[in-house]
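First up is the structure itself, then whatever we jot down about it.
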Amino acid sequence: MSRLQYASDSLVNRIKSAVVSNYAAYSYCLSLILYKRGQKEQAYKLLDSSIEAVDKLKDSLSNNQNITENRQKLAAQFYFLYQKKVEYLLEEGYVTQAFSVADKAKNSLGEAVEVDHFGLGGFFSAVFGMLSNLGVGSNSIQLGVDYKTKLKLSENKLELYFRAWKFLYKKTFSIFRNNKRFSPFADDLDETNARLHERLCEIIEDHTLVISWYLCSDFLCVFLIDRYNDKPLILKSSYDQYLGLPDWLDKYQNCIRNQDAKAITKELENLLKEGTSLLQIDRAIDEFYDPRKHKKLIIVPHRYLNVFPIHIFSVITGSQKTYLRDLFPNGVIFSPSCGFVLSSRIGPTTNYYDQGSFIALKNPALPYGDIEVRTIGKNFRESEIVDGTYVEEYTKKEMSGRPDSTESMILFMKLSKARYIHFACHGGFFPKNPLKSSLALTNSVYGMWSLEMLLNYNFSDCRLAVLSACVTGVTDTEDYASTYLSLAYAFLCNGCFNVVCSLWNVDDRATAILMIRFYEYLTSDMYCSIPRALSHAQAWLRDSTASELKQWITDQAWTRRDKADAKAAIERSASNDSEKPYSSPFYWGSFYSVSKE
């Protein structure tokens, strides 16, 4: 593309963006006023048209590199449109349609594109000035911008608001009406989206329960889906519970940052019990869960709920206390959206273990990393272990300007063809710049594989990528545009079918044992799915006594020294042989699977 063409496309994109942004903002604010005045049908149609305008913009923007680098920001800018539409639909009793729109909002983060000058600050400033001239005053900022505010307006002021927003709305209406390419108007309910529930029930396996959360403006909405009900069932939190979610998140993040495993263990148990109530899991189990019908669970979080360890939240069935994952013998998986579940079924996925090539990359500084990858590799006919120092050496060559890049090309080809990829290393997540989050194959900057770099790889032949490292599944909890940007995301969006990742800083020794057992379950039964194998491995580690763990170590084909060191570590962790040193979810609950199977 020539520089002139590139500049031309960018200018066209910005013109489109300016028009659509103004239209969407006018429509949204006007719909709030109409709804307040009791004109609900008109308010709904207007809000729907503003969402269609943003969707049309996504489809029509030119696909240049400057636009696509930060695709999620457009969806984040207009997240409030989807949110208000979900609330309107729920209020009118359209649960199935509300579920579709809520899931579409999650999908839009992966489909949207960034528009540099999409900020609405200047637009709103101009509007406030106009409203002031009409005698409304500076308090008008509470309308349209902060939609959580409960409007208490006199009829006179409401009429002034209505006149002002209607005038601005009409300024852009003619642009859309006269240009079919940018026309945002469509049917009241998009047929494809309305059929999301029906299509999902056709795709998911029998005995599967889907729980999808959505954060509205003042309550948490929980959709429950299975093949036995003709529409989603819905639970809503109270306003106090909704306000308690950010507080719970703060306590949880402070807990897992603690360096003392014993302190984490004690506090984590209390938090898991509290989180069950806040996320309405206790109600879902009491009112909806049936152990005869529900053997597998698909968890679909929303926004900052993505970092909640939902799979290990405490539940009580009858008089027995257990963890959510224990109620589902066929395993628990996480998914970014229900749309992702649908799209993932299109492709050569399998529900059984296949003998393919295995490649492991390890950080030599990890005490148990070498034992982990060597033991796992023996389960495969074709396996290779790559030391992080090798990666560091060829990276230094490339960064120093040497022309020889043979080593990196060879490794790139091996990774693109591998069926199973395993990382045993350190992990780092940077919320202020998620693309710089990295897998540390050495403790040098030359051994860092960033999320940004991993996005350039092709993992379409990879059935499973295991990120056996710290915080590989963590996302930003503050920036909505970065909701799904984790290290695991790089593998999923580039074709990998399954990813196992973590939510906090993990214990090296416990993680090595967990991963070895995970692969033992996966490779010993060709019909064992990845979520089920992980679930079995976690339960085994949790329930094993010190005596059983030491016997298991004895049975491994390790060196005598490795066995002695591992047994000594177990003895230090337990006061007697009957104690279960890894019973706390801190040691095994960090890992979860995002799966397309």
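The analysis underlying the following values was restricted to heavy atoms, covering all of them including side chains, and did not include hydrogens, waters or symmetry mates.
With salt bridges taken as basic N to acidic carboxylate O contacts below 4.0 Å, one links E571 and K550. Between R199 and E202, no side-chain nitrogen of the basic residue sits less than 4.0 Å from a carboxylate oxygen of the acidic one, so the salt-bridge criterion is not met.
Taking NZ of K432 as the reference point, atom OG of S437 lies at 12.5 Å (rounded to 0.5 Å). The CZ atom of F430 lies 10.0 Å from the OG atom of S450; values are rounded to the nearest 0.5 Å. With rounding to the nearest 0.5 Å, the separation of CG in L220 from CG in L305 is 6.0 Å. A distance of 9.0 Å separates OG of S335 from CG of L492, quoted to the nearest 0.5 Å. The CZ atom of R227 sits 9.0 Å away from the CD atom of E205 when rounded to the nearest 0.5 Å. Note that OG1 of T475 and CG of L487 are 11.0 Å apart. Values are rounded to the nearest 0.5 Å.
Between F491 and L454, the closest side-chain pair of non-hydrogen atoms falls below 4.5 Å. N363 has its side chain out of reach of L439: every pair of non-hydrogen atoms, C-beta onward, lies at least 4.5 Å apart. Using a 4.5 Å heavy-atom threshold, the side chains of W552 and I516 count as touching. Two residues are said to be in side-chain contact when any heavy atoms from C-beta on lie closer than 4.5 Å; L503 and Y252 meet this criterion. Looking at K296 and S529, their side chains never come closer than 4.5 Å, going by heavy atoms from C-beta outward. Contact annotation: the side chain of R257 never approaches that of C255 to less than 4.5 Å [non-hydrogen atoms, C-beta and beyond]. Using a 4.5 Å cut-off on side-chain heavy atoms (C-beta onward), W540 and Y521 make contact. Within the 4.5 Å cutoff, the side chain of S486 has no heavy atoms near those of the V474 side chain.
Under a 3.5 Å cut-off, the side chain of T511 and the backbone N or O of D507 do form a donor-acceptor pair. Listed for the K563 side chain is a donor-acceptor partner under 3.5 Å among the backbone atoms of Q556. Between the R542 side chain and the W588 main chain, no donor and acceptor come within less than 3.5 Å of each other. S584 places a side-chain N or O within donor-acceptor distance of the main-chain N or O of F586, the cut-off being under 3.5 Å. Side-chain atoms of R325 come within 3.5 Å of backbone atoms of S535 as a donor-acceptor pair (strictly under, hydrogens ignored).
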Query - Stepwise side-chain contact (heavy atoms from CB on, under 4.5 Å) test for N443 and H426 - result: CA-CA 9 Å; N443 296 337; H426 292 297; 3.6 Å; yes

**Report entry** side-chain contact (heavy atoms from CB on, under 4.5 Å) between I570 and Y582, intermediate numbers included
**Finding:** CA-CA 9 Å; I570 295 294; Y582 299 128; 3.5 Å; yes

Report task. Under the side-chain contact (heavy atoms from CB on, under 4.5 Å) rule, what do W449 and V391 come out as? Steps first, then yes or no, please. Result -> CA-CA 9 Å; W449 277 15; V391 175; 3.2 Å; yes

Query raised in the report: Passes side-chain contact (heavy atoms from CB on, under 4.5 Å), C201 versus I225? Steps please.
Result: CA-CA 8 Å; C201 290; I225 303 101; 3.9 Å; yes

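Contact between P581 and S573 at its shortest, heavy atoms only, is CB-CB, 3.9 Å. The minimum heavy-atom distance between R419 and F497, with the atom names listed, is NH1-CE1, 4.0 Å. Shortest non-hydrogen contact noted between F358 and V373 is CE2-O, 4.4 Å. In terms of heavy atoms, P585 sits closest to I312 at CB-CD1, 3.8 Å. Minimum interatomic distance between Y214 and A102 (heavy atoms only, all atoms of both residues): CD1-CB, 3.5 Å. Nearest approach of V594 to C501, heavy atoms of both residues: CG2-SG, 4.5 Å.
Taking the six-membered ring where tryptophan is involved, the planes of Y592 and F334 are tilted, since the angle between them lies from 30° to 60°. Between Y420 and F380, the ring planes are tilted. Angles from 30° to 60° get that label.
Applying the salt bridge (Lys or Arg N to Asp or Glu O under 4.0 Å) rule to pairs touching residues 435-459 yields K436-E452, sequence neighbours excluded.
Applying the side-chain contact (heavy atoms from CB on, under 4.5 Å) test between I421 and each of I359, V466, V499, L467 identifies I359 as the sole match. If you run side-chain contact (heavy atoms from CB on, under 4.5 Å) between L297 and each of T208, I211, V210, only I211 comes through. Of the listed residues (L534, L464, I376), just one forms a side-chain contact (heavy atoms from CB on, under 4.5 Å) with L522, and that residue is L464.
Residues E372 and S468 bring a donor and an acceptor atom of their side chains to less than 3.5 Å of each other. Side chains of D226 and H294: a donor-acceptor N/O pair is present below 3.5 angstrom, by distance only. A donor-acceptor contact closer than 3.5 angstrom is absent between the side chains of K414 and S357.
Listed by chain and number, the residues in a side-chain contact (heavy atoms from CB on, under 4.5 Å) with T276 are I281, D282, F313, S314, V315 (sequence neighbours excluded). Applying the side-chain hydrogen bond (donor to acceptor under 3.5 Å, both in side chains) rule to S502 yields the partners T472; only residues at least two apart in sequence or on another chain are considered.
A ring-centre distance under 6.0 Å is not found for F308 and W213.
Shown here is K295, whose NZ atom has more than 12 heavy atoms of other residues, nucleotides or ligands within 6.0 Å.
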